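Residue numbers start from 1 in every chain, and the chains themselves are labelled A, B, ... in the order their sequence lines are given, proteins ahead of strands. These numbers were taken from a predicted model, which means no experiment stands behind them.
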2 protein chains.
Amino acid sequence: MTTVSDARVVRTREALRRAMTELAAESPLDAITVRAIAARAGIGYATFFRHYADKDALLSEVADLLIREFMTEVRPLLMQRDRRGAARTIVYFVLGHLPIYKALIAGGSGETVRAEMLRQTLVTMAATRQRQPEGPLDDFIFFHIVSAILNQLAWWLRHEGAIDADAMAEIIERTVLTPVSDLRQNPPKGL
Amino acid sequence: MTTVSDARVVRTREALRRAMTELAAESPLDAITVRAIAARAGIGYATFFRHYADKDALLSEVADLLIREFMTEVRPLLMQRDRRGAARTIVYFVLGHLPIYKALIAGGSGETVRAEMLRQTLVTMAATRQRQPEGPLDDFIFFHIVSAILNQLAWWLRHEGAIDADAMAEIIERTVLTPVSDLRQNPPKGL
DNA sequence: CCATTATGATCCACTGTGTATCGTAAGTGC
DNA sequence: GCACTTACGATACACAGTGGATCATAATGG
């Protein structure tokens with residue numbers, strides 16, 4: 001395959017990721033053609049396939065980079081007990097990278113991208129988990145936290161300005177983090 | 001267009017809805033072709049287009065029927081203050097119609113179907129709302145309730161048997177309904 | 001029973017995908 | 001700086017899926 005150290009390759013892939021991000025902000029994923037991505041990136045159509053097997057591979061890479069960046073910042077906060085601090089960090093991190101997160105999480109393809117981010121986050125976290133899950137409840141809780149926060153952020157980014165960042169952090173803490181923490185400490189009987 | 005009272009039309013459309021439901025349980029939506037739907041339904045390819053403009057129109061109708069059925073049963077419960085009862089009703093209703101809900105909410109196209117159900121539910125509820133939303137928080141809360149419960153049900157149906165119905169109802173009440181109720185009664189300052 | 005109308009079969013133009021080829025241009029290593 | 005390597009753009013292609021059209025056939029409702 002292509003050499004990764006070649007400056008042309010780096011340029012081309014960056015252009016493709018950028019084009020994908022822009023287009024995903026404007027329209028649903030299945031309305032975006034490979035030709036449109038290539039055209040937006042300013043590269044030839046066939047060249048696209050030298051770098052990515054298909055549209056979804058490119059989307060996966062974009063989502064993956066986003067998740068890595070996000071996790072690096074947010075994970076340390078999740079480990080400590082300060083739920084409000086964690087919520088604030090998440091909200092302000094998104095706010096600090098508004099264009100790309102708005103495009104991908106709340107844009108025309110947000111649906112698909114959130115599903116991909118959820119999938120990759122679950123895989124990543126499963127691999128790097130501190131302690132093993134103690135039962136189905138742990139799996140459920142983790143799934144719920146990630147999907148609920150992603151969906152809440154999507155709403156927030158689509159209604160920019162409707163709720164200020166600190167209020168949003170409080171909402172995430174009170175509607176997701178704290179209830180889930182209570183559930184874990186006092187599980188339903190029968191589990 | 002086609003006459004709705006003609007027995008042939010009724011039969012054909014039922015066959016198409018059934019085929020769509022079955023196929024949606026098996027594979028992601030964009031992997032399902034109109035030809036496959038027509039073949040599964042036992043009707044001609046071109047006949048499909050006499051009844052639905054495209055695949056998505058059929059999916060919309062299927063989702064719409066599902067939502068009507070669900071709402072008829074669940075809405076009265078949501079109006080009262082008995083949150084645990086409402087959660088139990090939701091869970092047992094889904095359990096009582098397991099095949100179709102499992103197929104559509106948790107199946108191969110669950111992603112797309114949940115998005116469609118969320119969309120249609122928001123539209124329906126906006127039209128029949130008891131009182132007008134009092135601000136952005138009401139909009140947000142409604143979006144969160146519907147999407148969080150749909151996602152939790154999807155997890156539950158995909159991990160059938162992992163959590164029993166009563167425990168699931170308790171979880172929905174404690175992680176969604178009660179926190180949201182608290183939020184509404186005591187909103188973050190600044191809203 | 002008969003006029004109506006949905007249906008199945010088939011054909012077609014159109015769009016998007018992914019592969020192959022080939023001459024050109026740019027980058028890399030010495 | 002120069003030669004070698006490799007990515008690139010352009011183009012052509014087979015293939016799959018879409019949605020519209022036609023027409024003879026069969027089911028339906030009055």
Report yes if at least one side-chain N or O of B:T12 is closer than 4.0 Å to OP1 or OP2 of C:dT7; otherwise report no.
-> yes
A:R35 CZ to C:dC14 P, in whole Å, measures 16 Å
Rounded to whole angstrom units, what separation is found between the CZ atom of A:F49 and the C1' atom of C:dT17?
-> 6 Å
CZ of B:R68: more than 12 outside heavy atoms within 6.0 angstrom?
-> no
Heavy-atom closest pair (B:R174 atom, A:L183 atom, distance to 0.1 Å) is NH2-CA, 3.4 Å
When rounded to whole Å, the CG to C1' distance for the pair B:D30 and C:dT17 reads 13 Å
Residue whose nearest DNA chain D nucleotide is more 5′ - B:V34 or A:I43 = A:I43
So what does A:F48 touch, heavy atoms closer than 4.0 Å: a base, only the sugar-phosphate, or nothing?
-> nothing
For B:L29 and D:dG17, give me the distance from atom CG to atom C1', rounded to whole Å.
-> 14 Å
Check the distance between D:dG19's P and B:K55's NZ and give it to me in whole angstrom.
-> 9 Å
Length of the CZ-P vector between B:R50 and D:dA21, whole Å = 11 Å
Would you name the heavy atoms of A:L16 and A:A41 that are closest together and state the gap between them?
-> CD2-CB, 3.9 Å
Between A:G44 and B:Y45, which is nearer to the 5' end of DNA chain D once each is assigned its nearest nucleotide?
-> A:G44
Count the heavy atoms belonging to other residues, nucleotides or ligands that lie under 6.0 Å from CZ of B:R18, then report whether that count exceeds 12.
-> no
Quick one: pull up CH2 in A:W155 and CD1 in A:I163 and give me the separation to the nearest 0.5 Å.
-> 4.0 Å
How many Å lie between CZ on A:R11 and P on D:dG9, as a whole number?
-> 10 Å
Donor-acceptor pair present, A:R8 side chain and C:dA26 base, under 3.5 Å | yes
For D:dC8, does OP1 or OP2 lie under 4.0 Å from any side-chain N or O of A:H51?
-> yes
Separation of C:dT17 P from A:I32 CD1 (nearest whole Å) | 11 Å
Within less than 4.0 Å of OP1 or OP2 of D:dG9, is there a side-chain N or O belonging to A:T47?
-> yes
